[in-house]
Amino acid sequence: MGKVLIFGHKNPDTDTICSAIAYAALKNKLGVEAEAVRLGNVSAETQFALDTFGAAAPRLVEAVASEAKQVILVDHNERQQSASDIDQVQVIEVIDHHRIANFETSAPLYYRAEPVGCTATILKKLYKENGVEIEKNVAGLMLSAIISDSLLFKSPTCTQEDIDAARELAEIAGVDADTYGLDMLKSGANLLDKSIDELVSLDAKEFSMGAAKVEIAQVNAVDVNDVLARQGELEDKLNGIIAAKGLDLFLFVVTDILNNDSVGVALGKSAAVVEQAYGVKLDGNKATLKGVVSRKSQIVPVLTDTFNKQ
């Protein structure tokens, strides 16, 4: 078979990085030569998790076809979110918890997608199904992934399965999930020292919505004004990306991790779709999105439905 590369989406978040590491560890124990790699920079939140549990960040790659013939995708499936040369390799597995879009293969594969809050929750089942013990540091990374994706169990995408998995993983890792989780989230929510380029690329994903091309970036903050105070500079950057990529909409979402609301900055010729989708009025290209914290369940499907009605 040769070496298999395991990776998540571009602009990786904590679930993408930690799930790639955790699944590579499982695959190697099952006799598959697997390596976790990443398609972007490691965020401060993810680095906090890696440092806490003594793990190295996966190797950064820009393309995969020159290194492996077969790959496994975690935490994504959409082509535009994956490696630039994903069409030149065979995808043999997908472990994901998102919608399925822009994805097809020429050969059968193992596809595991479940409506849970985090890829790591599915991976915990795979460890159990294969009778493999989860090592302490890997458990800590998987816990970190669940905390990140669920905003410490507050996101509407969080299920009881995620909570139960997190509690078990915390016990294996030897940490208190709530105390550790808040420290981890705060480590990633300090945005004052981030450049605009860093803010925009921390966690950005492209989507096809009807005939529209949309990009949505999301950052977590303790104080949303840490970002909004630089809105003019932010808009210049977003407009440049819109022009370069031919986007119809760029929605930049700043999520308040303490109040569980978000502020969206919407630019592009289809910015009004955000107003229609949420019943808000953009004021200075921004609007408060009450109770919105999840891109996966509260932004992507809502915008997709609205674009489809255009």
Side-chain angles (χ1 to χ4, degrees), residues 9-11 13 40 43 76 78 80-81 98-99 101-102 149 151 155-157 188-189 191-192 194-310:
H9 53 75
K10 296 174 182 175
N11 302 316
D13 57 13
S43 71
H76 78 297
E78 299 191 45
Q80 69 274 14
Q81 298 174 11
H98 295 94
R99 72 174 191 174
N102 301 327
D149 268 14
L151 276 181
S155 171
T157 62
L191 304 177
L192 289 173
K194 301 294 183 187
S195 69
I196 291 298
D197 284 355
E198 288 174 318
L199 288 176
V200 172
S201 63
L202 273 175
D203 188 5
K205 292 182 179 180
E206 289 185 40
F207 300 90
S208 295
M209 298 183 179
K213 189 176 181 183
V214 178
E215 186 159 344
I216 304 169
Q218 183 175 25
V219 296
N220 293 333
V222 174
D223 184 350
V224 297
N225 288 317
D226 290 348
V227 176
L228 297 179
R230 294 184 279 171
Q231 187 176 342
E233 189 182 354
L234 173 66
E235 289 191 10
D236 288 343
K237 179 66 178 179
L238 298 185
N239 281 323
I241 295 172
I242 289 168
K245 294 185 176 181
L247 299 176
D248 297 283
L249 169 66
F250 197 122
L251 178 61
F252 186 91
V253 181
V254 188
T255 298
D256 186 327
I257 65 171
L258 300 181
N259 296 323
N260 295 321
D261 292 326
S262 293
V263 174
V265 177
L267 294 174
K269 63 184 180 182
S270 295
V273 171
V274 175
E275 296 181 319
Q276 299 169 31
Y278 293 99
V280 297
K281 185 69 177 175
L282 292 172
D283 183 4
N285 298 320
K286 68 179 185 291
T288 298
L289 307 177
K290 296 293 292 182
V292 172
V293 297
S294 170
R295 176 171 51 196
K296 183 180 73 171
S297 72
Q298 295 176 299
I299 300 177
V300 173
V302 175
L303 288 180
T304 300
D305 287 347
T306 307
F307 270 111
N308 286 336
K309 295 174 183 175
Q310 297 297 301

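The shown structure was predicted, so the numbers you read here are calculated from the model rather than taken from an experiment.
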Is there a side-chain contact between V300 and F207, using heavy atoms and a 4.5 Å cut-off?
yes

Got a salt bridge between R295 and D203, using NZ or NE/NH1/NH2 to carboxylate O under 4.0 Å?
yes

With rounding to the nearest 0.5 Å, note down the distance linking CG in N260 to OG in S294.
11.5 Å

Give a yes or no answer on whether the side chain of S270 reaches the backbone of V273 with a donor-acceptor pair at less than 3.5 Å.
no

Would you say the side chain of V293 lies within less than 4.5 Å of the side chain of P156, judging by non-hydrogen atoms?
yes

Let me check something: any side-chain donor-acceptor pairs from residues 281-288 under 3.5 Å, sequence neighbours excluded? List them with distances.
from	atom 1	to	atom 2	distance (Å)
N285	ND2	E235	OE1	3.1
N285	ND2	E235	OE2	3.2

Closest non-hydrogen contact found for L249 with A266 is CD1-CB, 4.2 Å

How long is the straight-line distance from CD1 of I196 back to CG of D236, given to the nearest 0.5 Å?
9.5 Å

Do E78 and R99 come within less than 4.5 Å of each other through their side chains, counting heavy atoms only?
yes

Residue pair N308 / G210: nearest heavy atoms and the distance that separates them:
OD1-CA, 3.3 Å

Check D248 against A211 and note the closest heavy-atom contact, atom names and distance.
OD2-O, 4.2 Å

Tell me if a side-chain donor or acceptor on D261 pairs with a main-chain N or O of G291 at a distance below 3.5 Å.
yes

Can a donor-acceptor pair be found, under 3.5 Å and without considering hydrogens, that links the side chain of S201 to the backbone of D197?
yes

What's the shortest heavy-atom distance between V253 and I216, and which atoms?
CG2-CG2, 4.3 Å

Distance in Å, T304 OG1 paired with K309 NZ, rounded so as to fall on 0.5 Å steps
11.5 Å

Of the non-hydrogen atoms in S43 and L202, which two are nearest, and what is the gap between them?
CB-CD2, 4.1 Å

Considering all heavy atoms, the nearest M209-L303 contact
SD-CB, 3.7 Å

Spell out, as yes or no, whether a donor-acceptor pair under 3.5 Å connects the side chain of D226 to the backbone of L191.
no

Between E206 and K245, is there a salt bridge with N-O shorter than 4.0 Å?
yes

Is the number of heavy atoms from other residues, nucleotides or ligands under 6.0 Å of K213 NZ greater than 12?
yes

Compare all side-chain heavy atoms of I241 with those of L247 and state whether any distance is below 4.5 angstrom.
yes

Looking at T306, is its backbone amide N or carbonyl O close enough to the side chain of Q310 to form a donor-acceptor pair, meaning the two atoms are under 3.5 Å apart?
yes

Mind checking the CZ-NZ spacing from R230 to K237? Nearest 0.5 Å is all I need.
13.0 Å

For the CG atom of L234 and the CG atom of L228, what is their distance to the nearest 0.5 Å?
8.5 Å

Do the side chains of F252 and E215 get nearer than 4.5 Å, heavy atoms only?
no

How about S208 and Q80: does a side-chain donor come under 3.5 Å of a side-chain acceptor?
no

Mind checking whether Q81 and H98 have side chains closer than 4.5 Å, heavy atoms only?
no

Determine whether T255 and L151 make a side-chain contact, defined as any pair of heavy atoms from C-beta on separated by less than 4.5 Å.
yes

Could you check whether any side-chain N or O of T157 sits under 3.5 Å from a backbone N or O of S297, counting only pairs where one atom can act as donor and the other as acceptor?
no

